[in-house]
Student: 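Quick one: structure below, then a few questions.
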Amino acid sequence: VDRENIRNFSIIAHIDHGKSTLADRLIEKTGMITQREMQDQVLDKMDLERERGITIKLKAVRLNYKANNGKDYVFNLIDTPGHVDFNYEVSRSLAACEGAILVVDATQGVEAQTLANVYLAIDQDLEIFPVINKVDLPSARPEEVAQEIEDIIGIDASYAPHISAKEGLNIDQVLEGIVERIPAPVGDENKPLKALIFDSYYDPYKGVTCYIRVFDGKIYPGMKIKLMSTGKEFEVTEVGISTSKQIPVDFLSAGEVGYVAASIKNVKEARVGDTITDAYNSTDKPFPGYKKVTSMVYCGIYPAEGEDFNSVRDALEKLQVNDASLVFEPETSQALGFGFRCGFLGLLHMEIIQERLEREFDLNIITTAPSVIYKVHKTDGEIIDIQNPSNLPKPSEIDYIEEPIVSASIMTPSEYVGAIMELCQNKRGTFLNMEYLDQKRVTLKYELPLNEVIYDFFDALKSKTRGYASFDYELKGYNRSELVKLDILINGELVDAFSMIVHEEKAYERGRIIAEKLVDVIPRHQFAIPIQAAIGSKIIARETIRALRKDVLAKCYGGDISRKKKLLEKQKEGKKRMRQIGSVEVPQEAFLSVLKYD
Ligand code: GDP
Ligand code: MG
């Protein structure tokens, strides 16, 4: 293909504004995939993604388009994940493009992730092509939203097509706009190979397949390539383009997007953001911006049945082959036995992995409370990173502790400002500033401890703003803080899986809430069970699960029978996932319940 006739672009949007639906329409209108072939939303491959309506894995699709000017164009549509946990991957896929279609919902207008994604795109010097979606809805206000785009983002939106991705309205304006608004790639195919990896995944037949954007040179089967971050060399076995399926080609040259396979065994050897070059004739500098992503959130993952340890390890290994940002190492818990400490990019990433373990691998697992990495400054001068609260040194050995802080940006209709400020205050936030985007909309900037963000911040924000506020954050650094280890004792026995590091001022409240929760979720036994929350040897909260009476249903008399029935059913359900702690049976949901506190 002639480089002049290539267009490489992504679609960016706030979640639910219609990115995937528009991608489907573009694919459909260019005839690349027939209606029958096209399962709903081909770009979101995994079931889990489809159910949650999010895109986790990036994919690239090549489309052929004959423009009104009579010329044939090649479009490479690069999909990006839609969650802050995956911002680095988003930045790499944007780096592979010259432009981005910005989809804005005509009923919602500009929201936090609209802006966050626009900034990511502008960082990569992309041309932004705004499109106003969902104009079929009666509450659509496309002119106002166009004005909003101009006011808030500062780009001309007067030519933005007014479309309905769902009904296929004005999609041709988008196709023509891609030709006219998005620049053709530049590059030199006579220079040494320089190609950016913007996605990689494991294929059991071909090994790791990398999605790449070639900036200079050519890549072809049989070529010896080098990955610039590691210096490792491989021989290319296949290059190709992906449409509805992967189609091998003779070569990919400067400006093109496609895939490459080279008998690479693990995605860790071909990380997103790395540069591929010719092993015998290397480009002098790698493509800028490569970084090895680090985990922000950790938790323990334990088999519900002791003998499943090996299955959990196998499953984690299988997931890791495809997910370079998942880390794990074995650990032991007194309460839970042998398991793994796992690290994730964020809470969503953690939930996705937990769900995949349960659904795809059919495992029963117990997860401990998530934790962030604390920097513990010991009295002997050593500084250690702690990801598992149980490993915190004795108080006498600790000089002070630092915790990770994020800078958060919350966009909201102005009527919720009070409620959000109260919430952030409650979460130990530091107010930075407030900016009116227009008469009705405000951006609040806060610094928040990551450890508060991972406890139900999203849920609380959503419920306080009826879903209208949106939220975005990035790690800022570490701050010294008064933190303590909160322990939970069941029947006098410390259950390490419940231990967590919390701010001193929150310890009492958190301890009381957890104790109350546990009283609700742990079934009664033949004996009374004390539940205690403690800091060191100091008990700060105490509840008791009363002993079971002979006739279980006796307690129903005079009470609310249907509620009791529900309770019994719930206990039956939980039965299969019980964990013996001392002489007490603790259901799996108890471990989850400590994560939420409402
Ligand atoms: P994404 O999160 O940006 O990928 O958004 P989706 O493409 O998954 O769309 C989110 C929801 O909006 C889905 O229920 C779509 O059916 C719906 N949607 C997308 N485009 C339109 C549109 O033009 N009109 C209407 N009424 N709904 C739309
Ligand atoms: Mg989507």
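Just follow the structure's listing: the first ligand is 1, and inside any ligand the first atom is 1.
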Student: State the atoms of ligand 1, each with its element, that fall below the 4.0 Å cut-off from a heavy-atom position in S164.
Tutor: 22 (C), 23 (O), 24 (N)

Student: Nearest non-hydrogen atom to atom 11 (C) of ligand 1 belongs to which of Q113, K134, E167?
Tutor: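 Heavy atom nearest to atom 11 (C) of ligand 1 belongs to K134.
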
Student: Verify whether the ring centers belonging to F9 and F129 lie closer than 6.0 Å.
Tutor: no

Student: Using a strict cut-off of 4.0 Å, indicate which atoms of ligand 1 neighbour a heavy atom of L137.
Tutor: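 Here the atoms of ligand 1 in question are 26 (N).
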
Student: Answer with yes or no whether the side chains of E180 and Y159 bring together a donor and an acceptor at under 3.5 Å.
Tutor: no

Student: Among side-chain atoms of D151 and Q147, is any donor-acceptor pair under 3.5 angstrom?
Tutor: yes

Student: Given V135, D136, N133, which one has a non-hydrogen atom that is nearest to atom 26 (N) of ligand 1?
Tutor: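 Considering heavy atoms of V135, D136, N133, the nearest to atom 26 (N) of ligand 1 sits in D136.
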
Student: Report the part of D16 in contact with ligand 1, treating N, CA, C, O as backbone and CB onward as side chain, heavy atoms under 4.0 Å; options are side chain, backbone, both, neither.
Tutor: both

Student: Under a 3.5 Å cutoff, is there a donor and acceptor pairing between the side chains of H14 and N117?
Tutor: no

Student: Do any nitrogen or oxygen atoms of A165 come within less than 3.5 Å of a nitrogen or oxygen of ligand 1?
Tutor: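 Yes, at least one N or O pair falls under 3.5 Å.
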
Student: Consider only side-chain N and O atoms of S409 and D472, and report whether a donor and an acceptor are under 3.5 Å apart.
Tutor: no

